[in-house]
Number of protein chains: 2
Amino acid sequence: MSKKHHLAKIEIADLSEEQQQNWQQVRDLLTSHLERKNQRKTPERYAILKAIYSLDEHFDIDHLYKLFKEKQFSVSKATIYNTLEVLLDAGLVKKHQFGQVQAYYEKSFFNSNHDHIIMLDEEKIVEFCDPRIEAIKKDFEEALDIEIESHSLYFYAKKKSK
Amino acid sequence: MSKKHHLAKIEIADLSEEQQQNWQQVRDLLTSHLERKNQRKTPERYAILKAIYSLDEHFDIDHLYKLFKEKQFSVSKATIYNTLEVLLDAGLVKKHQFGQVQAYYEKSFFNSNHDHIIMLDEEKIVEFCDPRIEAIKKDFEEALDIEIESHSLYFYAKKKSK
DNA sequence: ATCCCTGCAAACGCTTTGCACATGA
DNA sequence: TCATGTGCAAAGCGTTTGCAGGGAT
């Protein structure tokens with residue numbers, strides 16, 4: 001199938017120099033993950049990973065789907081969903097449920113732990129980090145004898161000055 | 001419609017003495033909210049509010065729907081959705097998006113501000129409260145000149161000792 | 001040559017919507 | 001009366017699934 005041959009050398013996104021360097025690392029991380037899990041190294045998986053790491057914002061499935069469509073590489077939504085599951089498992093992307101609607105994702109490597117402030121009156125998401133969150137987690141882990149595997153924290157805010 | 005007459009005196013739930021007292025207050029809160037908004041005081045709205053305040057845990061729409069069905073009072077899901085919107089607006093219930101699936105709700109009056117620890121290996125949700133959350137909010141409000149209207153914080157945890 | 005992965009479309013599950021009828025004010 | 005609320009069923013929408021064919025190993 002000729003389409004596949006295209007995909008093999010797909011350059012879905014032009015990467016900046018920094019992204020170029022990161023890409024090598026991330027690609028290798030996916031490779032070793034797939035080998036460890038005995039999963040196939042399909043061109044789709046690398047293409048999707050690369051597309052994600054070329055984005056600097058949060059995105060949803062449809063965003064990604066349209067990106068591929070524009071670039072003339074058709075990747076089905078089913079595959080995107082599947083692949084994101086794999087990348088999630090590999091720790092290379094993070095999934096968010098900002099609103100009540102669809103899920104949002106973001107790359108998670110070279111992108112340290114942070115939480116989000118959702119700006120309600122504009123289409124903007126601010127990332128922040130505060131050590132007190134980890135402190136709270138640690139305290140409750142000890143107090144309740146539990147292990148907190150993950151957390152989700154969102155602040156929903158509006159601009160104050162007008 | 002005879003069904004309505006039943007609803008008017010509906011006792012969907014047997015309330016404990018404490019709940020009985022709270023019920024008076026909550027009912028009045030709904031009443032004044034509806035009057036303020038020029039919305040109708042329908043028996044369904046009071047029945048749903050009462051049912052919610054008789055529950056001590058988090059619930060979803062279907063839970064509520066089945067509760068009414070069991071008790072022989074049919075209230076349509078559309079009405080439940082509508083009414084929850086009203087109660088949300090009145091500040092009498094809170095909406096949560098725990099997993100990726102459907103929304104969960106809980107009564108929010110007589111039920112002070114708290115966050116949740118979702119126990120992953122059992123069907124349990126632990127409520128907790130920590131003043132540091134408010135401190136963080138306040139700090140970011142000042143630092144970014146924003147007003148944080150609400151937040152959602154969930155810890156996903158497992159029991160440590162086995 | 002396997003059998004996993006992809007693509008397509010249909011199914012799914014929660015939520016929303018449209019419309020006719022009922023009802024609170 | 002009459003605008004609003006309710007009930008029912010259909011539509012929406014993001015996500016998942018089933019299956020047939022393709023491709024990685």
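With sequence neighbours excluded, the residues forming a side-chain contact (heavy atoms from CB on, under 4.5 Å) with B:His114 are B:Glu106, B:Asn111, B:His116, B:Glu127, listed by chain and number.
Of all nucleotides listed (D:dT17, D:dG14, D:dG7), D:dT17 comes nearest to the side chain of A:Ala78. The side chain of B:Ile61 lies closest to C:dT15, out of C:dT15, C:dA25, D:dT6. Side-chain atoms of B:Gln102 lie closest to C:dC14 of the nucleotides C:dA25, C:dC14, D:dG7.
Taken to the nearest 0.5 Å, the CG atom of A:Asp60 stands 11.0 Å off from the CZ atom of A:Phe98. In this structure, B:Leu34 CG and B:Lys41 NZ are separated by 7.0 Å, a value rounded to the nearest 0.5 Å.
For B:Tyr81, no side-chain nitrogen or oxygen approaches OP1 or OP2 of C:dT16 to under 4.0 Å. Distances shorter than 4.0 Å separate some side-chain N or O of A:Thr79 from OP1 or OP2 on C:dG7. Put simply, B:Ser76 has no side-chain N or O that comes within less than 4.0 Å of OP1 or OP2 on D:dC8.
Remark: C1' of C:dC14 and CG of B:Leu64 are 15 Å apart, rounded to the nearest angstrom. Straight-line distance from the CD atom of B:Gln39 to the P atom of C:dT23: 19 Å, rounded to whole Å. Atom-to-atom, CZ of A:Phe68 to C1' of C:dG7 comes out at 14 Å; the value is rounded to the nearest Å. The distance between atom CG of B:Asp89 and atom P of D:dT4, rounded to the nearest whole Å, is 16 Å. Atom-to-atom, NZ of B:Lys77 to P of D:dA11 comes out at 18 Å; the value is rounded to the nearest Å. Rounded to an integer number of Å, the gap from OH of B:Tyr65 to P of C:dC14 is 13 Å. Look at CD on A:Gln97: it is 14 Å from P on C:dC14, rounded to the nearest Å. Separating the CD1 atom of B:Ile80 from the P atom of D:dC8 is a distance of 12 Å, rounded to the nearest angstrom.
Using bins of under 30°, 30° to 60° and over 60° for the plane-to-plane angle, the ring pair A:Phe110/A:Tyr53 lands in the perpendicular bin.
Positionally, the nearest nucleotide of DNA chain C for B:Glu85 lies more toward the 5' end than for the other of B:Thr42 and B:Glu85. Summary of the strand contacts: B:Arg40 and B:Lys95 both lie near DNA chain C, and taking for each the nucleotide with the nearest heavy atom, the more 5' one is attributed to B:Lys95.
A cation-pi arrangement, defined by a distance under 6.0 Å to the six-membered ring centre and an angle within 45 degrees of its axis, is absent between B:Lys95 and B:Tyr105.
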